[in-house]
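Inspection log for the structure reproduced underneath, given as structure tokens.
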Amino acid sequence: MSYDFTSIEKKWQEYWDLHGTYRTSDEPSKKKLFVLDMFPYPSGAGLHVGHPEGYTATDIFTRFQRLNGVNVLHPMGWDAFGLPAERYAMQTNIHPSVTTDQNISTFRRQIKMLGLSYDWEREVNTTDPGYYRWTQWIFLQIYGSWYDHRAKRARPVTDLIAEFAQSGTSKLDLGLYGGNAEQRPFTAAEWNGMTEPQRQAVLREFRLAYVAEIPVNWCEGLGTVLANEEVDEWVEKGYTVERKPMRQWMMRITAYSERLLEDAATLDWPASTVEMQKNWIGRSEGAELDFALADRPERLRVFTTRPDTIFGATYMVLAPEHPMVDLLTVPERKEEVERYRKAASLKSELDRGIDKEKTGVFTGGYAVNPANGKRIPVWIADYVLMGYGFGAIMAVPAHDERDWDFAKKFGLEIVEVVRSPHDVREKVHTETDGPCVNSSNAEVSIDGMTYDDAFRTIVGWFESKQLGRKRVNFKLRDWLFSRQRYWGEPIPIIHWEDGTMSTVPESELPLVLPNLAKFQPSGTTESPLALAAEWVQVTDPATGRKGRRETNTMPQWAGSSWYYLRYIDPRNTETFCSLEKQRYWLPVDLYVGGAEHAVLHLMYARFWHKVLFDLGHVTTAEPFMKLRHQGTILGENNKKMSKSLGNVVNPDDVVKEYGADALRLFEMFMGPLEEMKPWSTKGVEGVFRFLNRVWRLYLTEEDAVNPVIGDAVPSPELLRVYHQTVKKVTEDVPALRFNTAIAQMMIFINEAYRQERLPRSMMEDFLIVLAPFAPHIAEELRSRLGGAGSLFTSCAWVPYDASLTVADTVEVVAQVNGKIRAKFTAPLDTPEAELKALAMAEPNMRAHVDGKTVVKEIIVKNKLVNLVVK
RNA sequence: GCCGAAGUGGUGAAAUUGGUAGACACGCAGGACUCAAAAUCCUGUUCCCCUUAAAGGAGUGUCGGUUCGAGUCCGACCUUCGGCACCA
């Protein structure tokens, strides 16, 4: 019979399911590996061929490791909250959980159809209340924490409250808290005298999860805010997105900037991904400096990386949203300033970036350059961003490109303070290599110094006057955590009528989503949850006071920020993941997923993990030790697969036509895992032919074992190729080089076809080598040869003998002046002198050497003879 | 503009430490089997010159360098892809 992949694959998938072949248990005595795939969002479209790429890679790796006796945790689950299901519900009023469950069923069926060796008993689903109970619990842990910069870790807010009651803020560096408006200091007595709402307002500036009024991307049509990276997609679909200040939940990921950056260096991740995270965090060393205002007592704080150019600061610029704008604006400029602020507020930071032409208006106010005492004008301009530093800069037009452009446009003074090779009024000079000039006052001089000395000297001078200090700043912003959506985890917070808020008690978790009949946006800026009146309204049973539940929900990133932990202990109802199990399974040893998650998902998950680590809830500082991305699979026409281009390949069709083993094999044979590569139907046919060749090598048309296979001594060639094959696969699989491993297996099969006799034991062992790649056909052929049970539970990976991988003769190259003139065969390890003699015996070598002088001989054993002649 | 990765036959690719460039596939060409086709099997297949073979020449994005020898190391540049984009 021919290779009937459909029934074979069905048979073995049922067998594995029935026998729990891939069930994993905790076995602390055994070596463990945690092999993780990025879990999918179960969309209505089903699996596409991009999914099986990463999944197959980890599956081969997993099966290989298991055959080598390693206890492998390899689970799968669903990142199932998300906008598509909710949008569908808006149109149909079908509850998103219904569509979500349907989509999950499709995905599960498709994934099982590929013969992937997941332990399905550990399946997780972010929309399951039993799961999101713990997502909410983690939120409460984060809400209940603050970052202690002295200890460089998160601690419970209760510790902070105790500290305030005892010593107020005296032991804290308040410059590191409170964002742009620095937290005001207070004493223990003042704290103890505060009302509860006052205390909550103070604590808000410290908590790792907090509410803030910030400008967000509001999409009226969708009735929700959008993350920056989501905006383009919806604008393209015709929705309008506006900037709007709204009350939002934030996560203080910025507290972890330094640690996220430092620890990234310890990870075995693609260099480009680590680099992206570095850039995203954007660490820069500089100084914070206070400028006095000319006619007022207040001070204006700026961040600069070029304190060495302070003497050249000829004006200042505030972000339009800066809180001191009103104070600085003189009455006659009020109107113009207001108009500019209004216009700027409607533009997103994205829009501001697009138009590089500088704009801005003068406030009429002045500050004083602390270095030279000069009155300098204060402007507002949207090239200064409120979200970075202090939202204000000292402008040094001679040595900063942006300031130069601005000064040129508005006719502001440009003063050279770092020696430049040209007139700085003609061209900006941003290099730091020249000496400082025009940079001295009665107390300090940095003239003649270059950057490092000038930096140290001037910052020291500021420090001595208590007007500034060294400071590290980060580009990273806090994480906008709330969405005005129904289909997400409810945030377990209650807002009371007295203005305070409290958390939903742990014992009441999960706080389950109410059932809605309609899923339309609320019509206000609140989520559809606001329409569930009974759910929203709460009364404190103890005091009778009334409150409203938080109606915002969490973003899709929430559930995916910790799912890998739940796999370790998926059914635990006492805790999200027991420490004991973590100690065995953490960290994730291999994580494979798309590069599109290089920053966001991987940064958020690292952040949550670190908070949980600080609080003692997880056992490692980092979640994912080794990360690899699978490359994008393009359509046959070398373009990104998309419905509109009609080049989408459906795994169902491929499996139907060629089988799962062929699909798996082809996805791995296309090229290196991480590379982008185009789909090729011809390529699938190629590996399908290979599987057929394997089948026919083992079995005759009549379904009997091929009579060629029996008691036989292998030929030297076959023996060598066999050991080469086992060696290559054994080395390539852990390194995730599947394409070359498959090529080597093809070489073995080609060699086997040349043989008149094939040793049975060798042919049995080859099936074990093939099994991680094409598990169904391997199981079937093994059972046809008389093997009982499953290969994966009955067999161990096969050894190879390195000494048998080399032939006893080698082909040696004879070169003259580096050019190949002849090739000859010589016994392995022929001495160099003999190699030379053999080379010289080649007629064509004589032709190139005779009559010339040999000036140098290079002889590399088993490789080449190279004669340099003149 | 800045940061990162990559450029090898007609195509996907291989060559892990500087040592036979193009393994393994796809495609194509020729042949065997067949009444025929499909499937299968065999042979060939980097390019140029040549009737063929031998021999020769060129060749891993471009130009240059180091070396007996460079896809691999160094320098400059070009192209493609990914990311960031007024971050003071």
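We name chains A, B, ... by the order of the sequence lines, and we start the count at 1 in each one.
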> Would you call A/R283 and A/E258 a salt bridge, using N to O less than 4.0 angstrom?
Replying inline: yes
> Do the charged groups of A/E751 and A/R754 touch, with an N to O distance under 4.0 Å?
Replying inline: yes
> Is the distance between the ring centroids of A/F666 and A/Y658 under 6.0 Å?
Replying inline: no
Are [X] and [N] close enough that a side-chain N or O sits under 4.0 Å from OP1 or OP2?
| X | N | value |
| --- | --- | --- |
| A/H848 | B/rG56 | yes |
| A/K677 | B/rC26 | no |
| A/S272 | B/rC3 | no |

> Under 30°, 30 to 60°, or over 60°: which ring-plane class applies to A/H429 and A/H399, parallel, tilted or perpendicular?
Replying inline: perpendicular
> Once the angle between the rings of A/F303 and A/Y388 is folded into 0 to 90°, is it parallel (under 30°), tilted (30 to 60°) or perpendicular (over 60°)?
Replying inline: perpendicular
What does [X] touch in the nucleic acid at a heavy-atom separation under 4.0 angstrom: a base, only the sugar-phosphate, or nothing?
| X | result |
| --- | --- |
| A/K475 | base |
| A/I858 | base |
| A/R283 | nothing |
| A/P672 | sugar-phosphate |

Given atom [atom1] of [X] and atom [atom2] of [N], what is their separation to the nearest angstrom?
| X | N | atom1 | atom2 | answer |
| --- | --- | --- | --- | --- |
| A/K863 | B/rA21 | NZ | P | 12 Å |
| A/N817 | B/rU67 | CG | P | 15 Å |
| A/E842 | B/rA55 | CD | P | 10 Å |

Counting side-chain heavy atoms from CB outward, which of [options] is closest to [X]?
| X | options | value |
| --- | --- | --- |
| A/N844 | B/rC84, B/rG56, B/rG12 | B/rG56 |
| A/E811 | B/rG4, B/rU20, B/rC26 | B/rU20 |
| A/V868 | B/rC68, B/rC24, B/rA88 | B/rC68 |
| A/V860 | B/rG19, B/rA21, B/rA25 | B/rG19 |
| A/T305 | B/rG19, B/rA88, B/rA25 | B/rA88 |

> Quick one: does A/K358 reach the base of B/rC86 with a side-chain donor-acceptor pair under 3.5 Å?
Replying inline: yes
>> Determine whether a donor-acceptor pair (one donor, one acceptor, N or O, separation below 3.5 Å) exists between the side chain of A/R689 and the base of B/rU40.
In response: no
>> Just to verify, which of A/R243, A/M386, A/E321 counts as forming a side-chain contact (heavy atoms from CB on, under 4.5 Å) with A/P215?
In response: A/R243
>> Run through RNA chain B and report every stem of 3 or more consecutive Watson-Crick or G-U pairs, distances under 3.5 Å, ordered by first number.
In response: B:1-7 with B:78-84, B:10-12 with B:24-26, B:27-32 with B:40-45, B:46-48 with B:56-58, B:61-65 with B:73-77
> Does the ring of A/F406 carry A/K358 above it, NZ/CZ under 6.0 angstrom from centre and within 45° of its axis?
Replying inline: no
